[in-house]
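Worksheet: one structure, shown below.
First listed ligand is number 1; within each ligand, the first listed atom is number 1.
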Amino acid sequence: MILTPRNVLTSTPMEPFATKVAILAQKLAEILAEKLGHKSSFFQESCLPSTCYLRLNRYPPCPIPSDIYGLMPHTDSDFLTILHQDQVGGLQLVKDGQWIAVKPNPEALVINIGDLFQAWSNDCYKSVKHRAVTHPTKERFSAAYFLCPSYETVIESCSMPSVYRKFSFREYRQKVQEDVQLHGYKVGLSRFLV
Ligand SMILES: O=C(O)CCC(=O)C(=O)O
Ligand SMILES: [Fe+2]
């Protein structure tokens, strides 16, 4: 289920969560930019309530979890993602070339760097490859908030020489879709190497 700020804010119990994570996402983006020496209003100007969204994931139990992913390995095509997961567990990420499980903690939020922050930071921050595996007997829920810019936003490295050529978010989404249709998987940032 995809919740945009419009439908989130009118009717669901997700409203307080959405409102809080939206503020948190902006703060985190600013802090991460500042760490690189950039005091920037870029994220506030380009990531608007209408361009960010919340995705509610439900993973039904699966009797053959080793054969079927809840969510295929991927990187997120945004600046950053704030993820809340329940106590079941299933999120895994690649660290030093190995898949590792993220210990589930419903009291904590997981922050994932997305492709756009990697490009903007000129590879200082890396978007993390992750996946969700299923559980043989338990249903699992997670909620992910994606800090995304408008399609017109141009992503340009904050330092030189730039690893990636500049591109609009629209161009990025189109390339991802094209690759998925053509090859069955997302290629991602390497398509935009200089
Ligand atoms: O459910 C999870 O743990 C991961 C969700 C996720 O990666 C996504 O929605 O992009
Ligand atoms: Fe993801």
In ligand 1, the atoms that come under 4.0 Å of a heavy atom of D76 are 10 (O)

Evaluate the side-chain proximity of L36 to Y125: yes if any heavy-atom separation is below 4.5 Å, no if none is.
yes

Atoms in ligand 1 with a heavy atom of Y59 nearer than 4.0 Å
1 (O), 2 (C), 4 (C), 5 (C)

Can you tell which part of R131 has a heavy atom less than 4.0 Å from ligand 1: side chain, backbone, both or neither?
neither

So if I count the atoms of ligand 1 from 1 in the order they appear, which ones are less than 4.0 Å from some heavy atom of S142?
1 (O), 2 (C)

Restricting D76 to its N/O/S atoms, the closest one to the Fe ion (ligand 2) is OD1

Please confirm whether F43 and W120 have ring centers closer than 6.0 angstrom.
yes

Does either side chain, that of K186 or that of T75, offer a donor lying less than 3.5 Å from an acceptor on the other one?
yes

Rounded to the nearest 0.5 Å, what separates atom OG in S168 from atom OH in Y151?
10.5 Å

Among all protein heavy atoms, pick the one closest to atom 6 (C) of ligand 1 and tell me residue, atom and distance.
L71 CD2, 3.3 Å

Spell out, yes or no, whether V176 and F167 are grouped together once hydrophobic residues are joined by side-chain heavy atoms under 4.5 Å, including indirect joins.
yes

CG/N112 to CG/L93 distance, rounded to the nearest 0.5 angstrom?
7.0 Å

If we ignore angles and hydrogens, is there a donor and acceptor under 3.5 Å between the side chains of D179 and Y185?
no

Output for pair (S142 OG, R55 CZ), nearest 0.5 Å, gives 8.5 Å

Answer with side chain, backbone, both or neither: which part of T81 has a heavy atom less than 4.0 angstrom from an atom of ligand 1?
neither

What do we get for N112 next to ligand 1 when only non-hydrogen atoms under 4.0 Å count, side chain, backbone, both or neither?
neither

Please give the atom name: the N, O or S atom of H130 nearest to the Fe ion (ligand 2).
NE2

Does R140 reach ligand 1, in the sense of a heavy atom lying below 4.0 Å from it?
yes

Which atoms of ligand 1 have any heavy atom of F146 under 4.0 Å away?
8 (C), 9 (O), 10 (O)

Contact region, Q85 to ligand 1, non-hydrogen atoms below 4.0 Å, reads neither

Can you name the atoms of ligand 1, numbered from 1 with element, that are less than 4.0 Å from a heavy atom of R55?
8 (C), 9 (O), 10 (O)

Give the atoms of ligand 1, by number and element, whose distance to some non-hydrogen atom of H130 is under 4.0 Å.
7 (O)

Would you say N122 and Y164 are linked by a side-chain donor-acceptor pair, where the criterion is simply a distance under 3.5 Å?
no

